[in-house]
K.L.:
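Please find one structure pasted underneath; my questions will follow.
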Amino acid sequence: MLLVQDNKLKKLIIIGDRVLIRLSRLNERTSSGLYLPPGVQEKEKVQQGYIIKTGPGYAIPLPVENEPWQSEEEQVKYIPLQAKEGDLAIFLLSGATEVVYESEKYFIVPQSAILMLERDEDI
């Protein structure tokens, strides 16, 4: 399953506990057969899409102690996210931030706004 064509998003770095989501294709018809205009389903409170990139996770605070034998480099450690690239995410639109990158619409969503994940074990 190819999520990103030509790795055009390879240069993007997602910060912290956020994920980059591309909306999945929505049904253009209702169950009764009516065609919906574009944008109607995008206003629903809950959306679904595929996770394209993830951030490193939740940063663990470093101890304040400064010992003379420690190196000056700070080694930041993270608690990894449960969401992984390729997962189908059901998320709250109210917690998402819409961005347009190279004329495509994406959502940056904190992990706390994700309600459910569907994962193919083959990926």
Side-chain angles (χ1 to χ4, degrees):
M1 177 176 171
L2 182 64
L3 296 176
V4 180
Q5 299 170 355
D6 301 325
N7 291 329
K8 69 179 183 178
L9 300 174
K10 194 173 188 177
K11 296 185 282 184
L12 295 181
I13 298 172
I14 307 301
I15 305 298
D17 69 331
R18 292 168 180 83
V19 297
L20 183 69
I21 295 179
R22 181 178 60 201
L23 288 182
S24 59
R25 300 290 175 210
L26 302 172
N27 294 332
E28 297 175 353
R29 295 173 63 171
T30 63
S31 58
S32 62
L34 295 175
Y35 283 95
L36 297 172
V40 169
Q41 289 185 336
E42 292 177 3
K43 295 179 183 173
E44 291 183 5
K45 293 181 181 181
V46 177
Q47 292 290 333
Q48 70 178 10
Y50 288 98
I51 297 176
I52 305 298
K53 291 190 86 163
T54 63
Y58 299 98
I60 299 173
L62 295 173
V64 183
E65 304 168 2
N66 288 331
E67 298 291 336
W69 52 268
Q70 289 180 329
S71 66
E72 292 297 319
E73 289 184 26
E74 292 186 17
Q75 298 294 327
V76 179
K77 296 185 181 186
Y78 294 95
I79 298 173
L81 299 178
Q82 189 173 6
K84 298 190 183 318
E85 293 178 13
D87 290 350
L88 177 67
I90 310 295
F91 63 96
L92 293 172
L93 191 59
S94 62
T97 302
E98 181 179 328
V99 294
V100 176
Y101 181 73
E102 293 188 4
S103 70
E104 285 199 43
K105 188 186 328 183
Y106 299 96
F107 287 93
I108 298 175
V109 181
Q111 181 167 281
S112 61
I114 296 175
L115 302 174
M116 182 173 62
L117 296 170
E118 178 182 304
R119 181 173 297 151
D120 288 337
E121 296 300 328
D122 299 338
I123 295 179

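The model shown is predicted, which means the values in this text are computed figures rather than measured ones.
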K.L.:
With Phe91, which of Ile21, Val46, Leu115 fulfils side chain to side chain contact (heavy atoms under 4.5 Å, CB included)?
P.N.:
Ile21
K.L.:
Using 0.5 Å steps for rounding, measure from the CD atom of Glu104 to the CD1 atom of Ile52.
P.N.:
9.0 Å
K.L.:
Please assess Leu81 against Tyr58 for the test side-chain contact (heavy atoms from CB on, under 4.5 Å), listing each intermediate value before the final yes or no.
P.N.:
CA-CA 7 Å; Leu81 299 178; Tyr58 299 98; 4.0 Å; yes
K.L.:
CG of Leu20 to CD of Glu85: how many Å apart, nearest 0.5 Å?
P.N.:
9.5 Å
K.L.:
Tell me whether Glu102 at atom CD has more than 12 heavy atoms from other residues, nucleotides or ligands lying less than 6.0 Å away.
P.N.:
yes
K.L.:
What distance do Ile114 atom CD1 and Met116 atom CE have between them, rounded to the nearest 0.5 Å?
P.N.:
11.5 Å
K.L.:
Can you run down the salt bridge (charged side-chain N to carboxylate O under 4.0 Å, His left out) pairs that involve residues 92-101, sequence neighbours left out, and say none if there aren't any?
P.N.:
Glu98-Lys105
K.L.:
Looking at Ile14, is its backbone amide N or carbonyl O close enough to the side chain of Lys53 to form a donor-acceptor pair, meaning the two atoms are under 3.5 Å apart?
P.N.:
no
K.L.:
Locate the shortest heavy-atom distance separating Tyr78 from Gly57; write the atom from each residue and the value.
P.N.:
CD2-O, 3.6 Å
K.L.:
Is there a side-chain contact between Leu88 and Gln48, using heavy atoms and a 4.5 Å cut-off?
P.N.:
yes
K.L.:
Ignoring hydrogens, what is the shortest heavy-atom contact between Ala83 and Leu117? Give both atom names and the distance.
P.N.:
CA-CD1, 3.7 Å
K.L.:
Would one find more than 12 heavy atoms of other residues, nucleotides or ligands at under 6.0 Å from atom CD1 of Ile60?
P.N.:
yes
K.L.:
Rounded to the nearest 0.5 Å, what's the gap from OG1 on Thr97 to CZ on Arg18? Could you check?
P.N.:
8.0 Å
K.L.:
Looking only at heavy atoms, what is the nearest atom pair of Ala113 and Gly95, with distance?
P.N.:
CB-CA, 4.2 Å
K.L.:
Would a 4.5 Å heavy-atom cut-off, applied to side chains only, mark Arg22 and Tyr106 as touching?
P.N.:
yes
K.L.:
With distance as the sole test, does Gln47 use its side chain to make a donor-acceptor pair with the main-chain N or O of Leu23 at under 3.5 Å?
P.N.:
no
K.L.:
Determine, step by step, whether Asp87 and Arg119 satisfy the side-chain contact (heavy atoms from CB on, under 4.5 Å) criterion, reporting the C-alpha distance in whole Å, the side-chain angles of both residues, the deciding distance to 0.1 Å, and the verdict.
P.N.:
CA-CA 5 Å; Asp87 290 350; Arg119 181 173 297 151; 2.8 Å; yes
